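To find a chain, count down the sequence lines: A is the first, B the second, and so on, and within it residues start at 1. Everything numeric in this text was worked out from a predicted model, so none of it was measured.
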Protein chains: 4
Amino acid sequence: MPKGIVLTTDEQNHRRHEIFEAALDTFIEKGFVETSMREIAELAGMGKSSLYDYFGNKEDILIFVMEEALENVLNNARRINALPLSPEVRLRQIIEMHLEYIVENKKLFYLFSYEGRRMSSENQQRAQQGRYMYQDMLRGLIEQGIQQGIFREVDPLVAARMLINTIIPVVYTSRPTGAPQVMMQEILDIFMNGIQK
Amino acid sequence: MPKGIVLTTDEQNHRRHEIFEAALDTFIEKGFVETSMREIAELAGMGKSSLYDYFGNKEDILIFVMEEALENVLNNARRINALPLSPEVRLRQIIEMHLEYIVENKKLFYLFSYEGRRMSSENQQRAQQGRYMYQDMLRGLIEQGIQQGIFREVDPLVAARMLINTIIPVVYTSRPTGAPQVMMQEILDIFMNGIQK
Amino acid sequence: MPKGIVLTTDEQNHRRHEIFEAALDTFIEKGFVETSMREIAELAGMGKSSLYDYFGNKEDILIFVMEEALENVLNNARRINALPLSPEVRLRQIIEMHLEYIVENKKLFYLFSYEGRRMSSENQQRAQQGRYMYQDMLRGLIEQGIQQGIFREVDPLVAARMLINTIIPVVYTSRPTGAPQVMMQEILDIFMNGIQK
Amino acid sequence: MPKGIVLTTDEQNHRRHEIFEAALDTFIEKGFVETSMREIAELAGMGKSSLYDYFGNKEDILIFVMEEALENVLNNARRINALPLSPEVRLRQIIEMHLEYIVENKKLFYLFSYEGRRMSSENQQRAQQGRYMYQDMLRGLIEQGIQQGIFREVDPLVAARMLINTIIPVVYTSRPTGAPQVMMQEILDIFMNGIQK
DNA sequence: AATGAATGAGTCTTCATTCAT
DNA sequence: GATGAATGAAGACTCATTCAT
């Protein structure tokens with residue numbers, strides 16, 4: 001690293017990602033709290049205090065990447081939701097996209113499920129806002145299906161959450177019976193069968 | 001607290017429960033790792049070192065209660081499974097019992113979902129054994145239903161886990177649309193509808 | 001103490017010595033086990049945790065200096081042993097050097113005699129290796145003397161150890177009858193007289 | 001142990017010995033400081049607090065037996081010293097008796113050499129008084145020998161201590177070349193040879 | 001006489017963070 | 001921009017001793 005050259009915001013973000021990726025495995029293996037800044041610095045191949053040039057404190061390392069991931073899933077879902085397709089198909093596509101995204105960022109989401117609670121309550125609330133938006137989008141889709149007479153009169157929010165909550169376990173089960181995508185299709189079938197008239 | 005009197009095993013267990021209950025809220029609020037032994041002692045109204053008369057170390061506090069809870073759910077499920085009822089009815093009753101047990105021990109199970117990973121791998125394995133047994137019991141029920149022609153030919157293990165994984169979110173959602181029991185009935189309806197012929 | 005400057009290995013070793021020297025008196029007065037890291041830090045004029053930048057743990061403080069001292073005595077003895085002098089003269093010179101070294105590092109050796117047992121067995125073994133080498137060197141000298149007909153046919157290892165074991169008490173007696181060097185001459189005379197023909 | 005029966009002083013002393021003997025091996029293996037009262041109690045097969053019925057505190061356990069041992073050696077030496085024998089023979093007999101006593105109470109003396117320093121300075125002084133008496137007795141013997149023209153004009157105190165300091169290593173060497181008694185004879189020969197005219 | 005439950009003081013060690021260079 | 005030396009606060013855990021029974 002040449003000294004004295006000012007990093008652009010993009011370069012900074014790039015480095016931030018590198019740092020996070022370097023530490024991700026250890027975060028998962030030992031837990032976020034249990035991983036020390038010294039360890040993170042070593043994994044990232046930099047000095048302890050240089051971390052503080054990229055993140056204000058330890059928690060920020062967690063938040064930075066989480067915000068991005070949440071944003072990405074939400075945006076992708078919004079894009080799909082805007083397509084001129086039936087509620088049923090959009091629902092399936094969103095869940096498939098969501099699954100795919102988690103599969104691709106498997107470690108990241110694993111970390112969030114278990115270490116997200118380590119963030120300050122302020123940051124936890126922001127994360128929850130995102131989750132609510134997502135739930136509401138699926139709820140809206142189910143409501144549309146009900147109004148269009150495709151789905152039975154189920155509680156749309158309960159159903160939406162039921163569906164969302166099946167994704168994570170599919171990716172992380174220690175006893176998979178097939179590829180996540182295959183298991184997810186099975187679940188989607190049961191679910192769709194269960195809410196369709 | 002009397003000083004030199006010998007405690008019976010029962011009294012010891014009672015005290016252990018008291019200590020755990022005293023600390024439970026803080027475990028949940030701040031996390032198990034983030035709660036210090038000093039804090040636990042204060043909450044339990046005893047000296048720091050007296051904790052070690054009841055638990056060998058910090059982790060044991062977690063294990064002691066978890067072991068019990070797991071055992072209870074498993075035993076209850078076995079009892080129901082042995083009743084001369086149709087697979088469908090037994091499935092519903094087990095899930096209802098399970099839900100009820102979690103509702104009654106809401107905080108406890110919340111803690112296990114999020115802090116279970118803090119246990120030593122040895123203890124995590126024992127917990128997983130229990131979970132596997134439970135999953136297998138439900139899988140067996142679904143298989144029976146399939147054989148009896150009541151259920152469609154779904155992947156029984158995927159279906160069993162799908163069902164199990166909906167319980168926790170029902171109890172802990174921050175946006176409930178009704179009593180957990182009511183939400184669970186909705187989910188059971190969707191699920192049963194989804195797997196029935 | 002400058003804060004962010006990188007210390008060279010030499011500077012580190014120098015600081016290590018300073019820390020040890022600062023704590024030496026207390027080690028002797030109260031014992032190594034009985035001296036706390038907090039105390040050592042205070043005596044060394046630094047923060048408790050800074051000690052761990054110089055020593056991996058408490059035991060390492062002991063080992064670091066011991067290793068050096070052992071090495072020094074052994075090397076000096078080897079140098080003298082290589083001189084073209086009679087066994088008798090070499091024996092005398094080695095013992096005199098040894099005495100001198102202990103006199104100069106009086107506290108250090110006192111500490112080792114009494115607190116060496118506090119080291120991990122692994123480190124104790126390494127120390128014993130050094131002692132054996134030293135014993136064997138003196139034994140060799142005595143054997144040479146016997147072969148050359150200067151000394152009587154004594155058990156050379158027993159004699160070597162007899163001689164070595166007289167040094168420490170000479171330095172540390174609480175009732176000295178003269179300078180250690182003088183007392184040692186007296187002992188060497190008795191010893192030489194005792195083994196000579 | 002029947003309750004309510006008052007122990008005589010002799011019975012108390014007997015129990016004290018039992019407690020000490022039970023813990024002796026552990027004292028040596030791990031060190032006195034490193035052995036906890038709980039451990040001692042377990043080894044002695046009694047309750048923690050019952051120890052305090054026999055010893056005022058942890059240190060007293062060490063002192064009690066040490067005083068006895070010192071007293072015994074001193075008395076035996078005095079008895080031999082009063083025999084109508086030549087200084088040379090008395091010297092040899094005392095050292096032989098001393099060696100025998102250490103061999104028979106090997107562990108005990110090993111403990112004192114290394115853990116004696118753990119006693120309060122008050123108790124250490126009492127122990128030193130005893131040692132001085134013993135040294136002076138041997139010094140007196142050597143002085144007699146010099147006056148009688150049997151021994152050369154050596155420093156009698158230095159010589160006495162030289163002799164005393166060879167006993168412990170003979171018993172505890174990790175590389176014995178024979179029975180302690182045999183090695184001691186070798187040393188006595190060298191010593192006598194060294195001081196005789 | 002005998003016990004073990006209770007405890008406060010103290011142990012070694014770790015860590016996020018700061019700051020002089 | 002980058003570093004690692006420095007540190008106070010805190011952590012889990014141990015222990016000699018007391019005391020009610």
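Taking atom CE of residue B/M37 and atom C1' of nucleotide E/dC12, one finds them 17 Å apart after rounding to whole Å. Counting to the nearest Å, the C1' atom of F/dA5 and the CG atom of C/N13 are 16 Å from each other. Rounding to whole angstrom units, CG of residue D/D53 and P of F/dT18 are separated by 12 Å. Summarising the geometry, the separation between CZ on D/F55 and P on F/dT17 is reported as 13 Å, rounded to the nearest angstrom. When the P atom of F/dT18 is taken as reference, atom CG of D/L51 falls 13 Å away, rounded to whole Å. Here the P atom of nucleotide F/dT14 and the CZ atom of B/R38 are 18 Å apart, to the nearest Å. Computed from coordinates, the C/E11 CD to F/dA6 C1' distance equals 15 Å when rounded to whole Å. Atom CD1 in C/I61 sits about 12 Å away from atom C1' in E/dT13, given to the nearest Å.
Look at A/R126 and A/E122 and you find no salt bridge, because none of the NZ, NE, NH1 or NH2 atoms lies under 4.0 Å from a carboxylate O.
In this entry E/dG10 has F/dC13 as its Watson-Crick or G-U wobble partner, both defining distances falling under 3.5 Å. Pairing partner, E/dA1: none, since no Watson-Crick or wobble contact has both distances short of 3.5 Å. Within the shown strands, F/dT3 is the pairing partner of E/dA20 under the Watson-Crick or G-U definition, both distances less than 3.5 Å.
Note on ring orientation: taking the six-membered ring where Trp is involved, the planes of C/F27 and C/F32 are perpendicular (angle over 60°, cut-offs 30° and 60°). Taking the six-membered ring for Trp and thresholds of 30 and 60 degrees, A/F55 and A/F64 have ring planes more than 60 degrees apart, a perpendicular arrangement. A perpendicular orientation is assigned to the rings of C/Y114 and D/Y114, their planes being inclined by more than 60° (bins at 30° and 60°).
For the pair D/K48 and E/dT3, the criterion of a side-chain N or O lying under 4.0 Å from OP1 or OP2 is not met. B/S50 has no side-chain polar atom (N or O) that falls below the 4.0 Å cut-off from OP1 or OP2 of E/dA5.
Of the residues near DNA chain F, A/M46 and B/E34, the one whose nearest nucleotide (by heavy atom distance) lies more toward the 5' end is A/M46. Between C/N57 and A/N57, the residue anchored closer to the 5' end of DNA chain E is C/N57, taking for each the nucleotide with the nearest heavy atom.
Considering only side-chain atoms of C/R15, the nucleotide from E/dT7, E/dC15, F/dA6 that sits closest is F/dA6. In this structure, the nucleotide among F/dG1, F/dT17, F/dA5 sitting nearest to the side chain of D/Y52 is F/dT17. The B/S49 side chain lies nearest to F/dT14 when the options are F/dT14, E/dC15, E/dA5. Nearest to the side chain of A/K58, among E/dA16, E/dT13, E/dA5, sits E/dA16. For C/Y54, counting side-chain heavy atoms from C-beta on, the closest listed nucleotide (E/dA5, E/dT3, F/dA6) is F/dA6.
The cationic group of A/R16 does not satisfy the cation-pi geometry with A/Y54, failing either the under 6.0 Å distance to the six-membered ring centre or the 45° limit from the ring axis.
Residues D/E59 and D/S120 bring a donor and an acceptor atom of their side chains to less than 3.5 Å of each other.
For C/S36 and E/dC12, a side-chain-to-base donor-acceptor distance below 3.5 Å is absent, hydrogens and geometry of angles not being considered.
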